[in-house]
Amino acid sequence: MTELWGNALSRLSSKISQQNFDMWLRPIECCGVKDNTIVLRAPNPYVRLWFESNYMEFVLDEICSDASAEFSVQFAPDREPPEAQVHREARPKRANTASPDRPEAPKVSATEPTHTKQSPGAQRDLETDSHAREDGRSESTQLNSRYTFETFVAGPSNQLAYAAAHAAASSQPPKYNPIFICGGVGLGKTHLLHAIGHHFRNQDPSATVLYLSGERFMNEYIHAIRTSQMHEFRRRYRERCEVLLVDDVQFLAGKDGTQDEFFHTFNALHDTHRQIVLTADRKPFEISDVADRLRTRFAWGLLADIEPPELEVRVAILRKKAAAESIRLPDDVALYIASAIKSNVRELEGALIRLAAYASLSQRKIDLPFAQETLEGSVTRPREHLTSDAIIKSVAHYYGLKVSDIKSSRRHKSVAGPRAVAMYLARTHTADSYPDLGRAFGGKHHTTVISAVEKITNRIKNDPSLRGEIHAIEGVLLR
Ligand code: ADP
Ligand code: MG
């Protein structure tokens, strides 16, 4: 395992700055592996949080594909309690009594929920299901315990989505069905979906609440076809399911077979008054390549849009997050961060965690001069250098393709379209020349790249759905 871990880190080190590597990755220790769970230890909770939200998925991806096996990550208790490092406020009570930050927490099991990554095609997202699985194993993954209504800050920009989520979680039979929550990256869609799941489960612990992404729905569907388990698949999603929460349904665009299955799943649940909640990065009518009958159903119930939060809400989110992580955050510092980061709550939280980590490592108190000194660069500086490879990887992931498809010469529109988008993004976000880009895309002639870039540049002017897709990919690349 040490070797797999080392390999994954060294690949990551070539993609991020030395400073970030030394700050966030070097201090993490790989303590070993137990039953396919990699046990890591971080010097403090902030480094752990930062690793989890920024690098973990990449590292797990690398390890799983290196080892051709499925792994998850758990953090062992931090080496030093944060009390020793930063001033604390009273620790709020968490629903989950297991706290990763408590020095006395003795066992690996007394840690944060496990983060799981499985080999391609297998289940990956979080889910909750009170029933034992068909194969006799009980479900080991669960909803993220941090994403509840209590930890969500409502304000004018997300009021409707928040109210809709509450309504979904509280009315039986459903008052609005489906509820469709849409908005940009990092604005709380996944958070609300998990909150609904928790709420249902709190009211009725035996309820079968299924949470999954559109991507996983497709993977499971393909797996069921391949292994002749369609009957079980349908029983799970159409019969046993009482509440279906599907994240990022825009992923179904262009996947005709999966859409068809989803259409029938939707009808089966809707006809029997079971709540369906969907999220997407766009409104239903902006999702192209989705059959009209499905798009119409997406808009049958209540459509709730989330906009970037207002300043006051950003400050409130920071305060709440700081309290939850026991970070002492003066008002002027909260205002400073909230004024600098406007459009993505994940980034907002990232800045706070980074600040707390720097304070902890340098034994400094968090005050305005310290925050300005620490965050000034990262708040205003351009982001880490984006490479064509990173862009190709993101685009491939977004469209459910392989990197090798993008680099291939296949001309089918399901591949050529995403390839042109990747070329456009690479031209926009890197300083690479057209011939450089041709090489990065598997040895294409530079004129091929030029015409792809021109084609996309023209198309986005009149095609809101393509524009939406490109913004969504940029949201992930630039976060
Ligand atoms: P999305 O699914 O829309 O991309 P997420 O739900 O993953 O966004 O949210 C990104 C991060 O921001 C999460 O850590 C989430 O808890 C936090 N977040 C977003 N909106 C809020 C909010 N209104 N209150 C509290 N936390 C929020
Ligand atoms: Mg999400």
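Note that ligands are numbered from 1 as they come in the structure, with each ligand's atoms numbered from 1 the same way.
Taking every non-hydrogen atom of G188 and a distance limit under 4.0 Å, the qualifying atoms of ligand 1 come out as 1 (P), 3 (O), 5 (P), 6 (O), 8 (O), 9 (O), 19 (C), 20 (N). Within the listing of ligand 1, atoms 4 (O) sit less than 4.0 angstrom from a heavy atom of V185. Listed by atom number, the atoms of ligand 1 under 4.0 Å from V153 heavy atoms are 22 (C), 23 (N), 24 (N), 25 (C). Residue contact check: T151 has heavy atoms under 4.0 Å from atoms 24 (N), 25 (C) of ligand 1.
Under a cut-off of 6.0 angstrom, the local environment of CZ in F149 is crowded, with over 12 non-hydrogen atoms contributed by other residues, nucleotides or ligands.
Closest heavy-atom approach to atom 10 (C) of ligand 1 within the set R346, E347, K321: this belongs to R346. Nearest-residue assignment for atom 12 (O) of ligand 1 (options N158, T279, V345; heavy-atom criterion): V345.
For the residue pair Y237 and E220, a side-chain donor N or O sits within less than 3.5 Å of a side-chain acceptor on the partner.
Contact analysis puts G184 in contact with ligand 1, with a non-hydrogen atom separation below 4.0 angstrom. Within the structure, the closest approach of G186 to ligand 1 falls below 4.0 Å when heavy atoms are considered.
Scanning for side-chain contact (heavy atoms from CB on, under 4.5 Å) contacts around R297 gives F263, F266, N267, R293, W300, with sequence neighbours left out.
In summary, an N, O or S atom of T190 is located under 2.8 Å from the Mg ion (ligand 2).
Protein heavy atom closest to atom 2 (O) of ligand 1, with residue, atom name and distance, is T190 OG1, 2.8 Å. Closest protein heavy atom to atom 11 (C) of ligand 1: E349 OE1, 3.8 Å.
With ring centers used as reference points, Y211 lies 6.0 Å or more from Y147.
Residue contacts with ligand 1 for I317 involve side-chain atoms from C-beta outward but no N, CA, C or O (heavy atoms, distance under 4.0 Å).
Classification of R364 and E373 as a salt-bridged pair holds, one side-chain N sitting under 4.0 Å from a carboxylate O.
By the 30° and 60° cut-offs, the orientation of the rings of F51 relative to Y55 is tilted.
With respect to L252, the side-chain contact (heavy atoms from CB on, under 4.5 Å) criterion is satisfied by exactly one of L278, T258, V246, D289: T258.
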